[in-house]
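Heads up: numbering here begins at 1 and tracks the sequence.
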Amino acid sequence: MKRHFVTLSLAILSVFVLSGLASAQKQIDPKVLRDPLLEADARHNLEVANNYFKLKKAYIGSLKRCEEIMAAYPDFSHMDEVLYVAGMSSYYLADGKGKQKAPQRTEDDKRKYDPVKLREDALAYLSQLVEKYPQSPFLPDAERLIKELEAKK
């Protein structure tokens, strides 16, 4: 009888200990989990892209930085801004604006920086912004420009 009591007591104690350990574990929402190193790298690239975009009017450099962020870290917390800057850079390049001229050295350069292709890219980036980030502060400008680009088709 004593032996059953001890066994039962140990079983009950182990259940409490194990349940306590399980409840002490932090519940992680996978949508919020971000890599701090990739986040920092993407934030730096976005700062550089914004510097190129706003201050230097270097839209090719800005576009390349945004494309790098999209390729390397698609879960970046400021992806709406990345899409906006990429879309606007493409749009301005298509209209021949900015201080950088589109490189025309190779056939790939000619295809990538063709004004028609740049307008299509701008429309794709801005449409993705509208679809995925309806709460973005960049939404009104993106929607206005999408209408303008669709009217030019």
Trainee: For the residue pair Asn50 and Glu81, confirm or rule out a side-chain donor-acceptor distance under 3.5 Å.
Mentor: yes
Trainee: Can you tell whether the side chains of Arg119 and Asp95 come within less than 4.0 Å, N to carboxylate O?
Mentor: yes
Trainee: Given Leu46, which of Asp41, Val82, Asn51 fulfils the side chain to side chain contact (heavy atoms under 4.5 Å, CB included) condition?
Mentor: Val82
Trainee: Go through the steps to decide whether Tyr92 and Phe53 satisfy the test side-chain contact (heavy atoms from CB on, under 4.5 Å), and finish with yes or no.
Mentor: CA-CA 10 Å; Tyr92 289 148; Phe53 182 76; 3.8 Å; yes
Trainee: Indicate yes or no for a side-chain donor-acceptor contact from Asp35 to the backbone of Leu37 under 3.5 Å, with no hydrogens or angles considered.
Mentor: yes
Trainee: Consider only side-chain N and O atoms of Glu68 and Asn45, and report whether a donor and an acceptor are under 3.5 Å apart.
Mentor: yes
Trainee: Tell me whether Arg43 is salt-bridged to Glu47, with the criterion being a basic N under 4.0 Å from an acidic carboxylate O.
Mentor: no
Trainee: Quick check on the hydrophobic clustering: are Val48 and Leu93 connected, directly or via other members, by side-chain heavy-atom contacts under 4.5 Å?
Mentor: no
Trainee: Hey, what do you get for CG (Leu83) to CG (Asp80), rounding to the nearest 0.5 Å?
Mentor: 7.5 Å
Trainee: Minimum heavy-atom separation for Pro103 and Ile60, please, with both atom names.
Mentor: CD-CD1, 3.5 Å
Trainee: Kindly check if the number of other-residue, nucleotide or ligand heavy atoms within 6.0 Å of NZ (Lys152) is above 12?
Mentor: yes
Trainee: Is a donor from one side chain sitting under 3.5 angstrom from an acceptor on the other, for Ser90 and Asp121?
Mentor: no
Trainee: Under a 4.0 Å N-O cut-off, is there an ion pair linking Asp108 with Arg111?
Mentor: yes
Trainee: Using only heavy-atom distances, determine whether the side chains of Glu148 and Tyr91 contain a donor-acceptor pair under 3.5 Å.
Mentor: yes
Trainee: Under the salt bridge (Lys or Arg N to Asp or Glu O under 4.0 Å) test, which residues partner Lys110, sequence neighbours left out?
Mentor: Glu107
Trainee: Please confirm whether the ring centroid of Tyr52 lies under 6.0 Å from the ring centroid of Tyr59.
Mentor: no
Trainee: Hey, what do you get for OH (Tyr73) to CD (Glu39), rounding to the nearest 0.5 Å?
Mentor: 4.5 Å
Trainee: Working to the nearest 0.5 Å, report the span between CE of Met79 and CG of Leu129.
Mentor: 11.0 Å
